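So the structure is just underneath, and the comments pick up after that.
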Protein chains: 2
Amino acid sequence: MRVLVVEDDVELQVAIPAALRSAALAVDLAGDIATADEALWVNTYDCVVFDRMLPDGDSIGYVRSRRQDGWSVPVLFLTAMDQLADRVDGFEHGGDDYLVKPFAVEELIVRVLSLSRRGPTIRPPILRYADVELDTGRREVRRAGVLVTLRAKEFSVLEFLMSRPEQAVSRTELLEHCWDAAADPMSNVVDVTITRLRSRLRGGPDLIQAVRGQGYRLIAPGSAG
Amino acid sequence: MRVLVVEDDVELQVAIPAALRSAALAVDLAGDIATADEALWVNTYDCVVFDRMLPDGDSIGYVRSRRQDGWSVPVLFLTAMDQLADRVDGFEHGGDDYLVKPFAVEELIVRVLSLSRRGPTIRPPILRYADVELDTGRREVRRAGVLVTLRAKEFSVLEFLMSRPEQAVSRTELLEHCWDAAADPMSNVVDVTITRLRSRLRGGPDLIQAVRGQGYRLIAPGSAG
DNA sequence: GTGACGATGACATTTCGATGACACGGAACC
DNA sequence: GGTTCCGTGTCATCGAAATGTCATCGTCAC
């Protein structure tokens with residue numbers, strides 16, 4: 001779990017990261033909103049600890065504007081007692097929390113852990129064609145429910161074909177999407193990989209059709225294509 | 001001892017606080033879940049008395065969702081006889097209690113005092129996969145019930161893997177979530193940490209599978225993966 | 001029938017992951 | 001303040017597995 005701490009107070013710049021690291025969190029530090037903004041574009045964080053008042057402004061304004069762009073990383077605001085009156089400002093977005101200074105580090109840790117955990121659980125898609133299922137998250141392929149183990153290249157090629165079912169895909173396209181720039185366009189790697197793919201999917205009729213002079217396409221026999 | 005009472009019935013709004021104050025408890029009052037939620041973020045309570053049915057919903061849903069974030073203040077649910085059938089719902093969390101309306105105030109006081117005495121034991125969620133339990137609050141890991149001591153980084157990596165069971169997780173993702181910005185993307189820290197993690201979890205079959213070219217995934221042998 | 005394209009088996013090469021040994025740095029403890 | 005210990009990162013090496021190459025064979029279209 002990785003956290004960005006945005007704090008300008010020198011003492012807290014030391015204390016907060018130390019506390020969070022003791023809880024096995026990876027911590028980056030920024031001293032102002034500009035630096036924080038940069039870090040937030042470059043890296044992925046599970047949670048951000050934002051001091052309310054920073055040299056270049058009130059962090060709430062920054063967070064609010066990013067929220068409008070769909071940015072959804074949970075934020076813990078550190079706020080002084082005298083800023084508490086307008087604390088409602090910080091809660092337009094349900095995913096956030098705040099902590100009044102001074103606070104106990106244990107409290108901070110608990111809050112940050114809690115916020116980090118609600119991270120957006122993205123369900124990676126599962127591609128389906130005929131009796132083949134390709135789970136992009138698990139990196140698993142099943143044919144008629146039976147698990148089929150594929151090599152990375154085979155998986156990658158099948159994924160590409162399944163993303164364009166029944167479309168003819170040229171060797172060049174496959175090379176460009178599944179191989180890196182160093183791939184030799186004269187080689188027959190694609191053919192070989194297709195052969196290997198077929199042999200692994202031998203749990204039913206051949207779904208990979210060669211289109212002479214064009215490339216390959218995924219097609220279920222009988223689907224009049 | 002400070003207690004939050006969440007009740008919408010006007011008579012009970014008077015009777016319950018009065019009873020509890022007579023037992024030397026400090027009582028705050030909220031009329032609905034929204035108000036209660038705000039109070040619970042701002043203040044620390046030793047116990048919450050929650051009516052089951054409130055104008056803005058069933059309090060059980062609210063409590064359950066906060067429990068998932070590790071919130072552990074004991075709750076006493078006030079439930080009508082006709083809601084009793086589904087009372088089990090309220091007891092996923094061991095620290096809670098319930099009282100069927102109508103009730104004797106003495107009974108209420110006894111229960112609240114009993115709950116308050118337990119104090120706010122922090123009981124954050126426990127991740128489980130196969131025979132591995134990871135207690136995010138205690139920062140403890142058990143395999144087949146046996147305590148396994150992990151280093152901070154190892155814990156952090158395991159936590160991330162366990163938050164995405166059976167999903168392939170790339171080295172980059174792990175680096176981004178478990179290390180800070182100083183991490184060298186070219187380094188093999190992730191591999192090394194995985195090796196160390198495996199060697200510590202040698203109380204059963206290897207659950208960490210390398211996905212060649214992709215990263216790692218948590219998978220129990222035999223789970224058709 | 002024949003010529004080009006695709007399929008495939010065998011083999012070579014490369015890449016990738018695992019791991020042991022070592023180095024560095026911070027915390028704890030004299 | 002110095003020293004030791006512990007956690008963590010770096011590096012080099014090993015070995016296995018994945019993947020590319022090549023040669024040969026098959027087959028489809030004209």
Side-chain angles (χ1 to χ4, degrees), chain A residues 2 14-15 17-27 139 141 148-161 168-172 174-202 205-217 219, chain B residues 139 141 148-158 161 168-172 174-175 177-202 205-219:
Chain A
R2 186 160 167 197
V14 176
L20 296 178
R21 289 198 180 106
S22 77
L25 294 159
V27 182
R139 300 247 125 204
V141 172
V148 174
T149 36
L150 298 184
R151 308 282 165 242
K153 273 281 142 58
E154 293 155 17
F155 186 94
S156 163
V157 166
L158 181 60
E159 186 179 10
F160 191 74
L161 288 174
V169 175
S170 73
R171 288 182 174 70
T172 311
L174 282 166
L175 267 182
E176 281 175 356
H177 280 91
C178 305
W179 276 262
D180 60 33
D184 175 8
M186 285 293 108
S187 135
N188 72 338
V189 258
V190 175
D191 302 55
V192 172
T193 307
I194 291 284
T195 294
R196 290 173 179 156
L197 199 43
R198 279 178 174 146
S199 82
R200 297 210 190 251
L201 289 175
R202 281 198 181 130
D206 185 11
L207 297 172
I208 305 175
Q209 186 184 54
V211 183
R212 214 174 169 84
Q214 294 298 310
Y216 297 94
R217 69 175 189 153
I219 186 81
Chain B
R139 312 252 111 202
V141 173
V148 174
T149 38
L150 297 184
R151 308 285 161 241
K153 271 282 140 60
E154 292 156 14
F155 185 93
S156 174
V157 167
L158 182 61
L161 288 173
V169 176
S170 72
R171 290 182 173 69
T172 311
L174 284 166
L175 267 182
H177 284 275
C178 304
W179 276 263
D180 57 33
D184 175 7
M186 285 292 110
S187 132
N188 72 340
V189 256
V190 175
D191 302 54
V192 173
T193 307
I194 290 284
T195 294
R196 290 172 178 157
L197 200 43
R198 279 178 174 147
S199 81
R200 298 213 190 249
L201 290 175
R202 281 201 182 129
D206 186 9
L207 296 173
I208 305 175
Q209 185 187 53
V211 182
R212 206 177 169 92
Q214 289 303 314
Y216 297 93
R217 67 194 284 231
L218 210 64
I219 186 83

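Only a predicted model underlies this, so the values are computations on that prediction, with no experimental measurement involved. Chain identifiers are assigned alphabetically (A, B, ...) following the order of the sequence lines, protein sequences preceding nucleic acid strands; residue numbering begins at 1 within each chain.
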Original post:
When all nucleic acid strands are considered with a 4.0 Å heavy-atom cut-off, which category describes A/R171: base, sugar-phosphate, or nothing?
Top reply: sugar-phosphate
Original post:
Considering only heavy atoms from C-beta outward, does the side chain of B/I194 approach that of B/L161 to under 4.5 Å?
Top reply: yes
Original post:
What is the distance from CD1 of B/I194 to P of D/dG9, rounded to the nearest Å?
Top reply: 13 Å
**OP:** Take the protein atom CG of A/L175 and the nucleotide atom C1' of D/dT21, then report the distance between them rounded to whole Å.
**Re:** 14 Å
Subject >> N/O (side chain, A/W179) to phosphate O (OP1/OP2, D/dT19) under 4.0 Å >> reply: no
Original post:
Counting only side-chain N and O atoms of A/T195, is one of them less than 4.0 Å from OP1 or OP2 of C/dT8?
Top reply: yes
Subject >> Interatomic distance, A/R200 CZ vs D/dT19 P [rounded to whole Å] >> reply: 9 Å
**OP:** Calculate, to the nearest 0.5 Å, the distance between atoms NZ and CG belonging to B/K153 and B/L197 respectively.
**Re:** 13.0 Å
**OP:** For A/A210 and A/R198, work out which heavy atoms get closest and say how close.
**Re:** N-NH2, 3.8 Å
Subject >> Interatomic distance where CD belongs to A/E154 and C1' belongs to C/dT8 [whole Å] >> reply: 14 Å
Original post:
For the side chain of B/R196 and the base of D/dG9, is some donor closer than 3.5 Å to an acceptor across the two?
Top reply: yes
**OP:** Could you check how far CG of B/D184 sits from C1' of D/dG9, rounded to whole Å?
**Re:** 10 Å
**OP:** Mind calculating the distance between CG (A/D191) and P (D/dT27) to the nearest angstrom?
**Re:** 16 Å
**OP:** Show the numbers, then the answer: is there a side chain to side chain contact (heavy atoms under 4.5 Å, CB included) between B/Y216 and B/D191?
**Re:** CA-CA 9 Å; B/Y216 297 93; B/D191 302 54; 3.5 Å; yes
Original post:
How is A/Y216 classified with respect to the nucleic acid when contacts are heavy atoms under 4.0 Å: base, sugar-phosphate, or nothing?
Top reply: sugar-phosphate
Original post:
A/K153 NZ to C/dC16 P: how many Å, rounded?
Top reply: 9 Å
**OP:** Looking at every strand, decide which applies to B/R151 at a 4.0 Å heavy-atom threshold: base, sugar-phosphate, or nothing.
**Re:** sugar-phosphate
Original post:
What is the distance, rounded to the nearest whole Å, between atom CD of A/Q214 and atom P of C/dA4?
Top reply: 18 Å
Subject >> Residue whose closest nucleotide on DNA chain C lies nearer the 5' end, A/R198 versus B/G215 >> reply: A/R198
**OP:** State which of C/dA7, D/dT19, D/dA18 makes the closest approach to the side chain of B/R212.
**Re:** D/dA18
**OP:** Mind checking B/S187 for me? I need base, sugar-phosphate or nothing, with any heavy atom below 4.0 Å counting as a touch.
**Re:** sugar-phosphate
**OP:** Would you check if the side chain of A/R21 reaches a backbone N or O of A/V27 as a donor-acceptor pair within less than 3.5 Å?
**Re:** yes
Original post:
Of all the choices, D/dT8, C/dT8, D/dC11, which nucleotide is nearest to the side chain of B/N188 once you look at every atom?
Top reply: D/dC11
